[in-house]
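Here's the structure, in structure tokens; my notes come after.
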Amino acid sequence: MMQVTIRYAMPLMFIIGSVIYGTMIIQLDPATLGNPNGPKFFPLFVCAGLLVFSIADLVNVRKQIYAKNKDLEQIAQLKSFKLIGMIIGICVVYALIFEIVGYLIATLLFMAALMFYLNGMKKWRLNVIVTLVVSVATWYSFTELLQISLP
């Protein structure tokens, strides 16, 4: 019974998170330049994708549980909860520092923390390269290509 509860936890947390995220996006103030709702489109698209994939994962979990899949023993380990908790913690810190330090610095710190936590210190070159490329590429895409000003 405990294994079933643990395996349902991750998709349910992502479903709840995407609903909260979507609610927060809808409450954003309208943009003063251009389309007032323009800055909401991309985050809502990401939120909808997260919700759809989380529901699909929940359905997949249900199928696995009824099929008595043996892989559930690995997922039920305490290590999974530690991983989920750390990632949520990193995301919360990212959200808290975002307005203070701005998009680029907050995203660099977020990506670095995430990459070093997931990959460890041994892959530091890969972590630094991915952090820099993803952060700068998304910043450039939004500010230069899409003409969306970021904080």
Side-chain angles (χ1 to χ4, degrees), residues 2-3 5-61 64 71-72 74-151:
M2 179 69 168
Q3 292 175 344
T5 305
I6 292 171
R7 185 56 184 107
Y8 274 114
M10 191 163 177
L12 288 174
M13 285 192 313
F14 277 112
I15 289 170
I16 293 167
S18 65
V19 169
I20 292 170
Y21 181 57
T23 304
M24 292 173 70
I25 293 167
I26 291 170
Q27 294 175 357
L28 287 173
D29 292 334
T32 55
L33 297 172
N35 184 348
N37 292 318
K40 295 180 186 180
F41 292 141
F42 182 76
L44 282 174
F45 177 73
V46 171
C47 181
L50 178 63
L51 183 62
V52 167
F53 286 116
S54 299
I55 291 171
D57 187 34
L58 188 64
V59 169
N60 189 30
V61 168
Q64 287 178 354
D71 293 337
L72 294 175
Q74 294 175 346
I75 296 169
Q77 295 174 352
L78 185 59
K79 187 177 178 181
S80 297
F81 280 120
K82 180 182 175 190
L83 176 69
I84 293 168
M86 281 300 292
I87 291 174
I88 289 173
I90 291 170
C91 291
V92 167
V93 170
Y94 176 62
L96 292 174
I97 68 170
F98 189 86
E99 288 291 329
I100 298 168
V101 298
Y103 175 82
L104 189 57
I105 294 172
T107 303
L108 281 168
L109 294 172
F110 169 73
M111 287 295 299
L114 203 56
M115 293 298 294
F116 279 101
Y117 180 72
L118 294 174
N119 290 338
M121 294 299 283
K122 289 182 180 179
K123 297 182 179 179
W124 70 269
R125 285 187 183 119
L126 175 67
N127 295 343
V128 170
I129 291 169
V130 169
T131 296
L132 290 173
V133 168
V134 169
S135 299
V136 172
T138 55
W139 172 81
Y140 180 79
S141 298
F142 278 96
T143 58
E144 299 299 321
L145 301 177
L146 298 173
Q147 297 293 309
I148 298 172
S149 62
L150 296 171

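All of these numbers come straight from a predicted model, not from anything done at the bench. Quick note: residue numbers are just sequence positions, from 1. Note: hydrogens, waters and symmetry copies are ignored here, and every other heavy atom, side chains too, is used.
Here the closest heavy-atom approach between residue L51 and residue S18 is recorded as CD1-OG, 3.3 Å. Closest approach of Y21 to C47, counting heavy atoms only: CD2-CB, 3.6 Å. Taking every heavy atom of both residues into account, V130 and M111 meet most closely at CG1-CE, 4.2 Å.
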Legend entry - CA sep, side-chain torsions, deciding dist, call: F98, F110, side-chain contact (heavy atoms from CB on, under 4.5 Å): CA-CA 10 Å; F98 189 86; F110 169 73; over 6 Å; no
Inset, instruction - Given side-chain contact (heavy atoms from CB on, under 4.5 Å), test W139 with L108 step by step and report yes or no. - result: CA-CA 10 Å; W139 172 81; L108 281 168; over 6 Å; no
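No more than 12 heavy-atom neighbours from other residues, nucleotides or ligands sit within 6.0 angstrom of CE on M24. Within a 6.0 Å sphere centred on CD1 of I105, other residues, nucleotides and ligands contribute 12 heavy atoms or fewer. Around atom CZ of F14, no more than 12 heavy atoms belonging to other residues, nucleotides or ligands sit under 6.0 Å away.
Remark: of the listed residues I16, D57, I55, D57 is the sole one forming a side chain to side chain contact (heavy atoms under 4.5 Å, CB included) with P11. For the side chain to side chain contact (heavy atoms under 4.5 Å, CB included) test with Q27, the passing option among D29, I25, T23 is T23; the others fail.
The aromatic rings of F42 and F45 sit tilted, their planes meeting at an angle between 30° and 60°.
The main-chain N or O of S135 is found under 3.5 Å from a side-chain atom of T138 such that the two form a donor-acceptor pair. Counting only distance, with no hydrogens or angles, the side chain of N127 and the backbone of G120 share a donor-acceptor pair below 3.5 Å. Judged purely by atom type and a 3.5 angstrom limit, T107 has no side-chain atom pairing as donor or acceptor with the backbone of L104.
Between I129 atom CD1 and M115 atom CE the span is 10.0 Å, to the nearest 0.5 Å. Distance check, rounded to the nearest 0.5 Å: CE of M10 to CD1 of I87 gives 6.5 Å.
Using a 4.5 Å heavy-atom threshold, the side chains of Y94 and L109 count as separate. Looking only at side-chain heavy atoms (C-beta outward), I15 and L50 stay at 4.5 Å or farther from each other. Two residues are said to be in side-chain contact when any heavy atoms from C-beta on lie closer than 4.5 Å; T131 and L114 fail this criterion.
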